[in-house]
Structures are given as structure tokens and as C-alpha cells.
Amino acid sequence: MSNYLNELNPQQREAVLHVDGPLMIIAGAGSGKTKVLTTRIAHLMASGVDSFRILALTFTNKAAKEMKERVEKILGNNESRNLYIGTFHSVFARILRAEASKVGYPTSFTIYDTDDAKSVLKTVINELHLDDKIYKPATVYNRISSAKNALVTAEEYANDHGLQQEDARANRPAISQIYKAYASRCFKNGAMDFDDLLLQFYLILKNHPDALHKYQHKFRYIMIDEYQDTNPAQYEIIKLLGGAHENVCVVGDDAQSIYGFRGATIENILLFRKDYDDVKVVKLEQNYRSTKQILQVANEVIGNNKGQIQKELWTENGEGEKIKLVRTMTDNDEGKFIADSIQEQKLRNHFFNKEFAILYRTNAQSRAFEEALRRLNLPYTIFGGISFYQRKEIKDYIAYLRIIVNSRDEEALKRIINYPVRGIGKTTLDKLILVANEQNISVWEVLCRAASFGFKSGTLDAIENFVMMIRSFNSMLKNNTAYDVAFHVGKQTGLVKELFIDKSSEGVQRYENVQELLNSIKEWVDDKQNRSQIDEDGVVMEEQPTFETEKVRPAELDFPEETDETENTVEDGIPDRPIREDVLLSAYLQQISLLTDSDQKDEHADTIKMMTIHAAKGLEFSCVFAVGLEEMLFPSAMSINTREELEEERRLFYVVITRAKKRLWITYANTRYKFGQVVQNEPSRFIKELPEDSIDRTFAGGGFRNQSASPTSASEKMRGWGTQQNTGAGKNSYYTEPKKQPEKPGYLPVTPVSKQVIHQPSADFVASDTSELQAGQKIEHQKFGFGEVLKMEGAAHNPIATIKFELNGEKKIMLNYAKLRIIE
DNA sequence: CGACTGAGTCGGTGG
DNA sequence: GACTCAGTCG
């Protein structure tokens with residue numbers, strides 16, 4: 001680690017060598033920001049700073065992981081594992097586990113994701129008898145989230161006249177009431193949402209001087225990445241933590257501030273200089289990533305924003321190619337064009353798949369690209385969208401684990417109390433919740449004392465069995481690893497078996513997903529046992545693996561053997577190794593609730609990457625397709641009303657441009673599907689801001705569309721579309737109108753057998769008494785028409801007839817419900 | 001009680 | 001086009 005300083009340019013070195021006192025690094029895109037941060041950490045340690053005293057906060061787990069790996073590489077020793085590197089949320093969650101009691105929360109509190117939070121909101125909105133058409137959970141959630149990010153508690157919200165007026169004007173006067181109910185419900189459930197991780201930690205630091213002192217002392221050196229995206233809650237926490245020693249180093253780029261919707265404010269960069277005396281400021285303006293052409297375009301575009309910190313990116317890299325501007329007829333054509341272009345670039349320039357990225361404004365845009373890439377057999381990975389842990393079968397499984405760790409977790413309880421079916425249905429559940437609310441206790445407590453609340457004996461049995469089961473799981477927690485508990489739960493509840501039995505393709509997929517879940521828990525436990533340490537305060541360290549671990553063997557879940565209980569440390573409660581706190585189920589749950597989709601996918605795989613521009617922040621690719629540059633989409637229709645919003649959209653455009661190392665395509669379509677309807681869009685206003693000399697308009701259709709969007713003549717359709725291109729893509733017609741139903745034959749298809757033929761009941765249709773119905777009788781069904789009874793089965797109180805209908809095939813009919821007319 | 005279906009809805013980015 | 005929800009059927 002001797003020569004780490006030699007690899008730095010003068011500005012980078014200046015930043016690294018600054019050890020004590022506040023430091024602000026304004027780092028342009030591709031200017032070696034991560035390198036500076038990691039080298040600075042190494043330098044701090046080389047200068048004698050205790051590694052236990054260094055805190056580095058990032059916005060994504062991926063950034064944290066990368067930083068940790070790079071520090072390790074520079075240092076070449078074990079010291080780096082003592083560093084506190086992680087996202088705001090994960091670091092704070094870890095600390096909160098130790099300090100939760102100060103705000104009245106249990107140590108093993110649950111972290112609610114957005115779905116859980118919205119579900120709680122829906123519940124309280126209904127309980128307050130408010131109209132959920134007006135108070136949509138998602139809208140209310142955003143409002144509450146904003147409040148928390150501004151450190152406004154429910155009480156403060158209710159007492160703030162300005163906020164009350166805003167809500168009244170928006171016709172949602174009851175938000176403060178909902179906020180209060182939501183907060184107290186979460187509290188009752190022992191659960192924090194994402195924003196609570198910041199808010200509650202802030203409250204602890206603010207109201208408990210001993211805690212503040214402890215963490216000020218612990219974190220003598222603080223570094224914050226992507227400072228331009230911090231919100232007021234994060235800002236205040238950093239201010240408190242750094243208040244005593246002022247060894248705070250922030251790195252950011254005001255031009256890349258794109259999280260305004262999450263409460264982030266560029267103000268924080270400006271305020272930083274005011275909060276501390278004598279802030280050292282270093283600007284990194286040399287770009288090592290992109291070509292001159294790409295930087296030229298980026299600089300030009302961002303120049304349209306007002307009030308930014310003065311800086312100009314430059315590079316010693318080559319000139320590079322012009323940026324290709326591409327206009328297609330439809331969104332599907334956009335997909336086809338890009339798939340063809342990738343194919344062609346791979347052949348001509350020998351790019352790998354992984355060197356391409358398709359970056360869009362909204363997740364919904366990914367579909368057209370998926371289809372086009374699949375058609376050409378080009379492998380791709382989508383980052384974002386539904387994460388592994390959001391899948392239903394995974395959430396159900398996790399819900400069991402959650403309820404074991406925190407029995408007050410009502411959301412988890414609701415998911416699994418009758419899954420698999422155990423006779424505690426909706427009616428019972430409603431009553432349970434009602435009683436819980438009346439008594440002001442948790443649903444779990446109602447379950448435990450069900451006998452005293454007058455449940456019927458059958459239901460009572462079911463409840464008591466359920467409580468006993470969860471309790472037996474709970475007793476395992478202390479002495480077993482997360483994996484052992486999870487495995488046991490899957491087996492004992494019949495959860496895994498239920499999925500195993502389902503042989504439909506979805507069922508098989510679900511079964512595999514659950515196996516995958518168990519594998520990942522095993523991997524997590526093994527990984528921890530192999531390398532992590534517990535630091536002096538007893539706070540568990542971050543668990544990012546630093547090298548590829550050996551793949552664990554698949555979980556032993558193959559059914560139908562139900563026997564070998566002995567193998568699992570469970571019944572006797574004596575594991576073969578002493579159990580450390582960091583392999584317990586509660587630690588596992590905390591960790592996964594903060595994982596994003598991007599964290600779970602392999603970024604190094606040789607596949608084309610697709611993601612939103614937000615998700616691409618901090619990444620770089622040889623070839624970038626910036627797609628959907630249309631008004632109403634990019635900039636978003638919701639962000640064109642104020643200068644601030646529009647400038648943030650422009651920064652987003654700046655971010656996507658600066659992701660590209662060598663080649664950049666900017667594409668847009670004349671029409672695209674939205675909610676199943678074709679809509680026409682004008683090209684994005686940002687396209688006009690591109691410098692003409694850096695743009696290749698070969699595929700741009702000769703400027704802006706100003707006449708009808710559905711050209712009628714072939715020549716009009718073709719206008720501006722060169723046919724002479726040697727790109728190989730020229731032979732494709734991205735601009736022809738889609739054929740009408742191209743695959744369908746000209747004749748009417750045969751009615752599919754599965755389609756029901758609607759029967760018009762006879763005029764004299766009167767339901768007969770069917771208690772004596774027997775095989776062989778002819779009947780008429782109100783909907784299915786005439787048929788013959790083939791056989792009778794089912795219990796006496798619930799007879800089921802198998803009937804062969806003339807037009808609709810065989811059906812099983814439950815006579816308790818169906819209306820039949822007996823003909824003979 | 002659970003599976004299915006038709007109608008209605010949908011404003012975006014994420015930890 | 002995809003998802004959710006209320007209502008219906010078995």
C-alpha cells in the first residue's frame with residue numbers, strides 16, 4: 001500500500017491528504033470519486049486513525065460493497081473489516097437494534113417495506129372510515145414519507161398550520177389524523193418503515209445526550225458519498241454526529257442531484273460551508289470515463305440549468321464518435337432498433353453484452369426492450385422492478401420468520417395466519433383485529449388470550465394450535481442460526497410441502513424460489529461464520545463478502561421424505577457450534593429488508609443491463625442507450641410545472657449521458673403505448689439542447705415532427721429515414737406502421753373449447769328441489785344449459801353432481817349453490 | 001371459503 | 001397492458 005498516492009492527480013491527492021477538519025469534494029461525473037474516497041480511507045488508516053473510528057455512508061449497498069472491496073485491496077490486510085461502511089439505512093438500522101428501547105421499540109423491531117407500509121395505511125384509513133379513493137395509500141404514504149424526511153413527527157404535523165392548510169387545499173384534510181394513526185399502529189406492531197430508520201435515529205441522538213456522545217466518539221471520521229442526494233433528516237443526523245470533532249468529508253456533484261422526490265436538497269451542499277468554519281473545498285473536474293464528444297454534449301445540456309456550482313468537466317480521452325440521435329415510429333420499433341444495433345455493434349466492434357446498457361426514465365418502459373432482445377436471443381438483466389423478496393411466496397415465508405422474531409408484527413400475522421389453511425378465516429381475523437383495537441393490545445395478545453374473548457370452540461382450537469406452533473418456533477431463536485430456524489419452519493408448517501405438491505409451472509417456480517431463499521439464508525449464515533467480527537461495542541459489522549464464496553449445496557428440501565428431524569439441531573436445541581448474535585434470524589431479517597433488486601443481481605454477468613436512470617447512478621458502460629426522450633415521459637409530465645422540477649429532469653438527462661464511456665445513442669418514439677392506449681408524444685425538449693456538431697442525425701428523421709403523427713403515404717412514412725446506411729440496421733423498417741393483426745388468418749378461428757357458451761335460460765326456468773338428484777337425470781342449468789347428471793358425490797350436507805352439458809362439457813356442480821331445473 | 005371474472009384504475013424515480 | 005377489487009359461482 002506504499003504508493004497509493006502516485007495514482008492520483010493533484011486535486012485528488014489534495015483531497016486524500018486532508019485528514020482533519022471538514023472537507024467538501026465536488027466531484028464531477030467520472031472524476032474518480034470512489035477512488036478518492038477509498039484512498040482517503042486508506043490514508044486515514046495509514047496516518048494512524050483507528051479503523052473502528054471511521055464511518056462511510058453511501059446510498060446503495062452496491063456502492064458500500066465496492067468501497068469496502070477497494071479499501072481492502074489498497075490496504076491488503078484485514079483492518080478494513082473494522083470499518084463502518086454501509087448505506088444510511090443499513091448503518092442506522094444496525095445501531096437502532098442496540099438503541100431501540102430509547103424510543104420504546106423492541107430490539108428486534110420489524111422493518112416495513114413500502115408494501116407493508118401501504119397495507120397498514122389502508123387498514124387505518126378504513127378504520128377511520130375515510131374514503132380510500134381520496135386517501136389513496138400510495139399518496140398518503142408519500143406525504144407521510146416527506147414529512148418524516150423533513151423530521152416532522154405526527155404531532156408536529158398535526159400542529160403545523162401550514163401543513164394543515166396544504167392538505168385542506170388538496171382536499172385531504174385528514175392526512176394528519178392518518179399519520180397519527182399510522183405511526184401509532186406501526187409502534188404497536190413494533191415496526192419501523194424506511195423513513196423511521198432516519199427519523200427515530202435522529203430522535204435518539206437529539207434526545208439522549210449519552211447516545212449522542214457515544215456515537216460522536218465512535219465515529220471520529222465520517223465520509224458521505226453522493227452528498228447531493230441527502231435529505232434534511234440525513235443532514236441533521238450527520239450534523240449531530242460530526243458536531244464534536246468536525247471530521248466530516250462529503251463528496252457530491254450538484255449536477256447529479258436526482259432524488260428531490262425523496263426529500264433530497266442541493267441546499268445541503270451550500271449549507272455545509274456555512275455549518276463549519278474553514279471548510280476545505282476540492283473540485284475534481286478531470287473526467288476519466290467518457291470521450292470528448294460525450295462530455296461536450298453533457299456540459300452543453302447541464303449548462304441550461306441555472307445556479308449550479310461552477311465547474312467544467314474535461315478529459316484527455318479521445319474524441320470518440322458523435323452521439324447518435326434516433327427516432328422511431330413506435331416504442332416497439334425503438335426496442336427493435338436497439339436490439340439490432342447491439343447485435344451489430346457486437347459483430348463489428350466485438351463488444352461484450354455487458355458493455356451495453358439501456359437506460360430509461362420509468363420501469364414500465366422495459367417491456368419493449370425485453371421482447372426485442374429476446375427475439376434476437378440477446379441475454380439481458382433487468383435491474384429494478386419486483387425484487388426477489390417481494391414475490392408472494394417469498395413474502396409469505398418471510399412473514400413466518402417475522403412473526404417468530406416479532407410477534408407484534410400484524411402485517412406478517414395477517415399474511416400467514418391462515419396459510420396454509422388452518423381454519424382461521426377472514427371472519428375470525430376481522431374479529432381478532434377488532435378486539436385488538438378495542439382492547440388496545442396487539443393481535444398476537446388477543447390470540448394468546450383467545451379463550452377469554454369468546455371464540456367458538458373449533459376456531460379456538462385452531463388459534464391455540466397456531467399460537468403453540470409459533471411459540472415453539474420462537475423458542476428456537478436464541479440457540480439456532482437463521483437457516484436452521486427457517487428450514488424448520490418450512491418443514492413444520494407444511495409451507496414447502498404445499499408448494500412441492502403444486503406441479504403447475506408457476507407452482508414449480510414458486511417451489512424453486514423458496515429453495516433459493518433457503519439457499520441464500522444458508523449462504524448468509526456460512527458467510528458470517530467464516531469471516532465477520534463483532535466490534536468492541538457489540539454492534540455487528542457489515543457482512544459484504546469480499547470474494548466469491550463456494551456455492552452451497554441446495555437446501556435439503558426434496559420431498560416427500562418427512563422424517564429426518566434429527567439432522568436439524570432443532571428439537572434438542574443444541575447446535576454444533578456456539579451461536580453468535582450475528583447469525584440469528586433477527587439479524588438476517590433486518591438485512592434483507594434493506595436489500596434492493598440491484599443488490600441481488602450479478603452486475604458482472606455478461607448480459608445487457610436494463611434499468612432506470614436513477615438506478616444507473618454511479619455506474620458506467622461502454623455503450624449507452626438513453627431511451628424514451630419524449631415530452632410527458634422525459635421530462636415527466638409531472639415535472640414540467642416549475643423550474644426546479646424541470647432542472648432535476650435535466651440533471652437526470654445529464655446523468656444518463658455521463659454513464660457512457662464510448663458510444664451513446666439517444667432515442668425517442670413518435671407513439672407509444674400507455675395504459676393500453678396509443679399516445680403520441682413530441683420529442684423531448686432536451687433534444688433541442690444537444691449541440692448540433694456532436695450529433696449524428698442519420699436516424700433522427702430530419703428534425704422535429706410537426707405534422708400528423710400517422711403518416712398516410714409511404715413516402716411520408718419514409719421521409720428522413722436513410723436507406724443507404726451501412727449499419728446493417730438500415731434494412732429494417734422501424735418506421736413502418738405495424739401491420740394490423742399480422743399473425744391472424746383471414747378467417748374466423750374455431751371457438752376454443754374452454755370458452756363458455758352462454759346459455760339463455762328457458763322462459764319457464766324454475767329451480768327444482770335437487771335434494772334427491774341422481775345419476776342419469778336430465779337437467780337445465782341457468783348458465784351452462786342442458787345436461788345429464790353423470791354421478792353424485794360429496795357429503796350429505798354438501799352434495800356435488802358431475803354433469804355433462806351439451807355445450808359446455810363436464811362440470812362439477814355444488815347443489816347447495818347451483819340453480820337447476822330437473823327435466824326428467 | 002376460495003377461485004374466478006369483469007370492471008375499473010393507473011401519476012415516477014427508491015431505501 | 002397489468003393489477004386490484006368487488007362480486008359471483010361452485
Side-chain angles (χ1 to χ4, degrees), chain A residues 57-64 86-93 111-114 117-118 122 132-133 136-139 141-142 145 148-149 192-198 226 229-231 233-234 258-264 331 359-365 367-368 383-387 418-419 421 423-429 592-599 611-617 628 632-640 645 648-649 651-652 655-656 672-678 756 781-784 794 798-803 811-820:
Chain A
L57 296 171
T58 64
F59 272 79
T60 62
N61 292 301
K62 201 178 271 173
T87 63
F88 279 88
H89 289 87
S90 71
V91 167
F92 295 172
I111 299 172
Y112 276 170
D113 67 14
T114 318
K118 284 180 195 160
K122 207 177 162 185
D132 62 5
K133 293 279 183 299
K136 290 184 194 129
T139 313
Y141 176 79
N142 285 333
S145 174
K148 287 184 176 175
N149 283 327
M192 296 197 198
D193 64 21
F194 289 137
D195 305 307
D196 280 327
L197 297 176
L198 307 182
E226 310 281 11
D229 288 326
T230 51
N231 60 37
Q234 291 160 328
I258 54 175
Y259 280 96
F261 71 93
R262 216 161 73 182
D331 46 353
L359 306 178
Y360 33 76
R361 180 67 181 79
T362 69
N363 281 307
Q365 286 166 260
R367 244 185 51 128
F383 289 78
I386 291 282
S387 120
N418 201 33
Y419 174 75
V421 182
I424 310 179
K426 194 178 181 318
T427 323
T428 310
L429 181 60
I592 57 158
S593 55
L594 296 170
L595 286 182
T596 66
D597 185 58
S598 297
D599 299 323
M611 65 189 90
T612 63
I613 300 168
H614 283 92
K617 196 175 69 159
M632 313 304 276
L633 180 63
F634 193 6
S636 161
M638 294 154 254
S639 303
I640 51 177
E645 288 170 337
E648 179 151 321
E649 295 285 311
R651 291 193 292 271
L652 208 47
V655 167
V656 71
R672 73 171 59 238
Y673 276 90
K674 199 178 183 190
F675 303 141
Q677 275 186 321
V678 179
Q756 183 187 320
H781 184 278
Q782 219 175 359
K783 244 180 151 171
F784 300 142
N798 185 23
I800 299 166
T802 305
I803 300 175
K811 287 191 187 303
K812 284 187 191 286
I813 307 286
M814 296 170 86
L815 299 181
N816 284 354
Y817 301 102
K819 290 193 171 64
L820 296 181

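Residue numbers start from 1 in every chain, and the chains themselves are labelled A, B, ... in the order their sequence lines are given, proteins ahead of strands.
Between the side chain of A:N61 and the backbone N or O of A:L594 there is at least one donor-acceptor pair closer than 3.5 Å. The main-chain N or O of A:E645 is never found under 3.5 Å from a side-chain atom of A:E648 such that the two would form a donor-acceptor pair.
Judged by atom type and distance alone, A:E645 does not reach the base of B:dG12 through any side-chain donor-acceptor pair under 3.5 Å. Checked by distance alone, A:D113 brings no side-chain donor or acceptor within 3.5 Å of a matching partner on the base of B:dG15. For B:dG12, the base has a donor-acceptor partner in the side chain of A:S639 [N/O atoms by modelled type, under 3.5 angstrom].
Using bins of under 30°, 30° to 60° and over 60° for the plane-to-plane angle, the ring pair A:H89/A:F194 lands in the perpendicular bin. Using cut-offs of 30° and 60° for the angle between ring planes, the A:F88 and A:F92 rings count as perpendicular.
For A:N149, no side-chain nitrogen or oxygen approaches OP1 or OP2 of B:dG15 to under 4.0 Å. The shortest distance between the side-chain N/O atoms of A:N61 and the OP1/OP2 oxygens of B:dG15 is not below 4.0 Å. At the phosphate of B:dC10, OP1 or OP2 sits under 4.0 Å from a side-chain N or O atom of A:K136. For the OP1/OP2 pair of B:dG12 and a distance below 4.0 Å, the side-chain nitrogens and oxygens of A:N142 include no atom meeting the criterion. A sub-4.0 Å separation between OP1 or OP2 of B:dG11 and a side-chain N or O of A:T139 is absent.
Counting only heavy atoms from C-beta on, A:K426 has its side chain closest to B:dC1 among B:dG15, B:dC1, B:dG14. Here C:dG1 is the nucleotide among B:dG15, C:dG1, B:dG12 with the atom lying nearest to any side-chain atom of A:R367. The side chain of A:F261 lies closest to B:dT13, out of B:dG11, B:dG15, B:dT13.
At a threshold of 4.0 angstrom between heavy atoms, the contacts of A:E649 include nucleobase atoms, whether or not backbone atoms are also involved. Within 4.0 Å of A:T427, counting heavy atoms only, lie sugar-phosphate atoms of the nucleic acid but no base atom. Within the 4.0 angstrom heavy-atom criterion, only backbone atoms of the sugar-phosphate kind lie near A:K122; the bases stay farther away. Contact annotation for A:T596: backbone-only contact, meaning every heavy-atom pair under 4.0 Å involves sugar-phosphate atoms and none involves a base.
For the pair A:L633 CG and B:dT13 C1', the computed distance is 12 Å after rounding to whole Å. In this structure, the NZ atom of A:K118 is 13 Å from the C1' atom of C:dC3, given to the nearest Å. Between the P atom of B:dG12 and the CG atom of A:L359 lies a distance of 19 Å, rounded to the nearest Å. At whole-Å resolution of the value, CZ in A:F88 and C1' in B:dG14 are 15 Å apart. A:N363 has its CG atom 14 Å from the C1' atom of C:dA2, to the nearest Å.
Residue order along DNA chain B, read from the 5' end via each residue's closest nucleotide, puts A:A637 first among A:D195 and A:A637.
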Problem set entry | Dot-bracket summary - DNA chain B, pairs being Watson-Crick or G-U whose distances fall under 3.5 Å, with | when paired to another strand | ||||||||||.....
Exercise. Between A:K617 and A:E226, does a side chain to side chain contact (heavy atoms under 4.5 Å, CB included) hold up when you go through it step by step?
Worked result: CA-CA 10 Å; A:K617 196 175 69 159; A:E226 310 281 11; 3.5 Å; yes
For this session: Could you walk me through whether A:T596 and A:T60 pass the side chain to side chain contact (heavy atoms under 4.5 Å, CB included) test, one step at a time?
Result: CA-CA 8 Å; A:T596 66; A:T60 62; over 6 Å; no
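Where stacking is scored as ring centres under 5.5 Å apart with planes under 30°, A:F675 does not register as stacked on the base of B:dT9.
When the P atom is used for both C:dT4 and B:dT13, the distance is 15 Å, rounded to whole Å.
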